[in-house]
Amino acid sequence: MARDIELQNQKKQEIVAYFNKLSAVMEFGVKKYTIAYCTAAAAQKFYLRPKTIETYIYR
(Lines give C-alpha, C1' and ligand atoms only; values in the text may rest on other atoms or scores of the structure.)
Protein backbone atom coordinates (compact mmCIF):
# COMPACT_ATOMS: atom_id res chain seq x y z
CA MET A 1 0.00 0.00 0.00
CA ALA A 2 1.35 3.43 -0.92
CA ARG A 3 2.13 6.01 1.73
CA ASP A 4 -0.22 8.91 2.19
CA ILE A 5 1.77 11.99 1.20
CA GLU A 6 -0.46 14.28 3.23
CA LEU A 7 0.16 12.30 6.43
CA GLN A 8 3.91 12.24 5.77
CA ASN A 9 3.93 16.02 5.35
CA GLN A 10 1.92 16.47 8.55
CA LYS A 11 4.37 14.27 10.46
CA LYS A 12 7.31 16.24 9.07
CA GLN A 13 5.69 19.55 10.04
CA GLU A 14 5.09 18.32 13.60
CA ILE A 15 8.72 17.20 13.94
CA VAL A 16 10.07 20.48 12.58
CA ALA A 17 7.73 22.50 14.82
CA TYR A 18 8.88 20.57 17.91
CA PHE A 19 12.53 21.06 16.96
CA ASN A 20 12.00 24.79 16.39
CA LYS A 21 10.16 25.13 19.70
CA LEU A 22 13.07 23.59 21.58
CA SER A 23 15.61 25.57 19.60
CA ALA A 24 13.86 28.87 20.36
CA VAL A 25 14.01 28.49 24.16
CA MET A 26 16.10 31.31 25.61
CA GLU A 27 17.49 31.60 29.12
CA PHE A 28 19.45 34.60 30.34
CA GLY A 29 19.58 35.91 26.78
CA VAL A 30 21.20 32.82 25.21
CA LYS A 31 19.86 29.65 23.65
CA LYS A 32 19.20 27.07 26.33
CA TYR A 33 19.55 23.95 24.14
CA THR A 34 22.13 23.10 21.50
CA ILE A 35 21.13 21.90 18.05
CA ALA A 36 22.46 18.43 18.91
CA TYR A 37 20.25 18.27 22.00
CA CYS A 38 17.18 19.47 20.07
CA THR A 39 17.81 16.85 17.39
CA ALA A 40 18.23 14.07 19.96
CA ALA A 41 15.14 15.14 21.91
CA ALA A 42 13.00 15.23 18.77
CA ALA A 43 14.32 11.83 17.71
CA GLN A 44 13.45 10.35 21.07
CA LYS A 45 9.98 11.90 21.15
CA PHE A 46 9.03 10.69 17.67
CA TYR A 47 10.87 7.33 17.87
CA LEU A 48 13.19 8.12 14.97
CA ARG A 49 16.93 8.24 14.42
CA PRO A 50 18.63 11.63 14.79
CA LYS A 51 19.80 11.36 11.17
CA THR A 52 16.17 11.17 10.06
CA ILE A 53 15.33 14.28 12.09
CA GLU A 54 18.24 16.10 10.43
CA THR A 55 16.94 15.29 6.97
CA TYR A 56 13.52 16.67 7.90
CA ILE A 57 15.00 19.87 9.33
CA TYR A 58 17.63 20.68 6.72
CA ARG A 59 15.62 19.87 3.61
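Side-chain atoms are counted along with the backbone in the values below, which use heavy atoms only and exclude waters and symmetry mates.
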Does Ile15 belong to the same Ile/Leu/Val/Met/Phe/Trp/Tyr cluster as Ile5, with side-chain heavy atoms less than 4.5 Å apart forming each link? no
Transitively linked via ILVMFWY side-chain contacts under 4.5 Å: Tyr18 with Val25? yes
Exceeds 12 heavy-atom contacts within 6.0 angstrom, atom CD of Glu6: no
Only distances under 3.5 Å count here; give the side-chain donor-acceptor pairs of residues 30-50 to other protein atoms, sequence neighbours excluded, each with its distance to 0.1 Å.
| from | atom 1 | to | atom 2 | distance (Å) |
| --- | --- | --- | --- | --- |
| Lys31 | NZ | Ser23 | OG | 3.1 |
| Lys32 | NZ | Glu27 | OE1 | 3.3 |
| Thr34 | OG1 | Tyr37 | N | 3.1 |
| Thr39 | OG1 | Ile35 | O | 2.8 |

Under 3.5 Å donor-acceptor pairs involving side-chain atoms of residues 52-59, not counting sequence neighbours:
| from | atom 1 | to | atom 2 | distance (Å) |
| --- | --- | --- | --- | --- |
| Thr55 | OG1 | Thr52 | O | 2.6 |

